[in-house]
Amino acid sequence: MRKIIQGKLYDTETAEILNTWTNRKPEADSDFRRKTLYRTHKGNLFLHLETGSSSNLEFDEKDTVEDDIEPIDELTAVEFLEVHDGTEVIIQQFPDFFDEA
């Protein structure tokens, strides 16, 4: 997916995947969710958000989005990784965001 947001191109084909989370539902299921954290070659971070097809259900406009990109900052990326089993990615990619216990 490619999307221009505030004059910047975010492209899932050219960015590096740092981590992926899914709720383990089949992609065809309307409850399917996948969030993939990416870093562009210029260092910008974004989430690619995917949901299952909901074309046969009635939702408001926000809920009918099946594919979207959300630019995020480093703190939001680390918070995403903490929640979605990304400890190793935090250690490798964001060493300034943690201290030894």
Side-chain angles (χ1 to χ4, degrees):
M1 175 181 193
R2 294 170 19 152
K3 187 173 183 179
I4 295 174
I5 301 170
Q6 295 182 345
K8 293 182 181 178
L9 175 64
Y10 296 89
D11 188 343
T12 59
E13 294 293 320
T14 60
E16 174 189 10
I17 295 174
L18 299 181
N19 195 23
T20 299
W21 169 86
T22 181
N23 65 353
R24 299 183 184 171
K25 303 255 181 179
E27 286 187 30
D29 190 313
S30 63
D31 291 330
F32 169 77
R33 302 289 182 270
R34 178 172 35 228
K35 297 178 183 180
T36 306
L37 175 62
Y38 287 88
R39 184 189 305 270
T40 69
H41 70 278
K42 289 190 173 183
N44 293 300
L45 298 162
F46 67 96
L47 286 173
H48 180 215
L49 311 167
E50 299 170 271
T51 64
S53 175
S54 58
S55 59
N56 61 343
L57 302 174
E58 290 188 17
F59 290 98
D60 62 28
E61 185 176 328
K62 177 179 170 256
D63 290 329
T64 60
V65 173
E66 294 180 12
D67 203 16
D68 200 13
I69 286 179
E70 176 186 332
I72 60 172
D73 59 21
E74 286 189 342
L75 177 59
T76 305
V78 170
E79 290 170 346
F80 167 81
L81 291 165
E82 286 178 344
V83 172
H84 299 297
D85 197 30
T87 299
E88 292 305 314
V89 178
I90 295 171
I91 291 169
Q92 293 172 6
Q93 301 287 326
F94 304 98
D96 295 337
F97 279 86
F98 68 92
D99 291 318
E100 291 287 331

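- Grouping Ile, Leu, Val, Met, Phe, Trp and Tyr residues whose side-chain heavy atoms lie under 4.5 Å apart, directly or via other members, places I4 in a hydrophobic cluster with L9.
- Residues that satisfy the side chain to side chain donor-acceptor pair (under 3.5 Å) test with K3, not counting sequence neighbours, are D68.
- For the atom pair CD of E82 and CZ of F98, the computed distance is 11.0 Å after rounding to the nearest 0.5 Å.
- Atoms CG and CG, from N44 and D73 in turn, are 11.0 Å apart once rounded to the nearest 0.5 Å.
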Can you list the steps and then say if R39 with Q93 is a side chain to side chain contact (heavy atoms under 4.5 Å, CB included)?
CA-CA 10 Å; R39 184 189 305 270; Q93 301 287 326; 3.2 Å; yes

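- Nearest heavy atom pair, residue V78 against residue I90, reads O-CD1, 3.9 Å.
- There is no path of hydrophobic side-chain contacts, each under 4.5 Å, that joins F94 to V83.
- Of all heavy-atom pairs spanning E70 and L49, the tightest one is OE1-CD1, 3.6 Å.
- Clustering ILVMFWY residues whenever any of their side-chain heavy atoms sit less than 4.5 angstrom apart, transitively, puts I17 in a cluster other than the one holding L81.
- Under a 3.5 Å cut-off, the side chain of T20 and the backbone N or O of L37 do not form any donor-acceptor pair.
- Listed here is the closest heavy atom pair of G52 and R33: N-NH1, 4.0 Å.
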Could you go step by step and tell me if L45 and F80 meet the side chain to side chain contact (heavy atoms under 4.5 Å, CB included) rule?
CA-CA 12 Å; L45 298 162; F80 167 81; over 6 Å; no

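- Put simply, the residue from D11, T12, D67 that forms a side-chain hydrogen bond (donor to acceptor under 3.5 Å, both in side chains) with H48 is D67.
- Closest approach of F32 and P26 over heavy atoms only: CB-O, 3.2 Å.
- Note on L75: it does not cluster hydrophobically with Y38, by side-chain heavy-atom contacts below 4.5 Å among ILVMFWY residues.
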Steps toward side chain to side chain contact (heavy atoms under 4.5 Å, CB included) verdict (I5, I69)
CA-CA 9 Å; I5 301 170; I69 286 179; 4.0 Å; yes

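- The shortest heavy-atom contact between F46 and P71 is CB-CA, 3.9 Å.
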Give the intermediate values and the outcome of side chain to side chain contact (heavy atoms under 4.5 Å, CB included) for residues E50 and E27.
CA-CA 9 Å; E50 299 170 271; E27 286 187 30; 5.7 Å; no

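- In D85, the CG atom is not crowded: 12 or fewer heavy atoms of neighbouring residues, nucleotides or ligands sit closer than 6.0 Å.
- Of all the heavy atoms in H84 and N19, the pair that sits closest is O-ND2, 3.3 Å.
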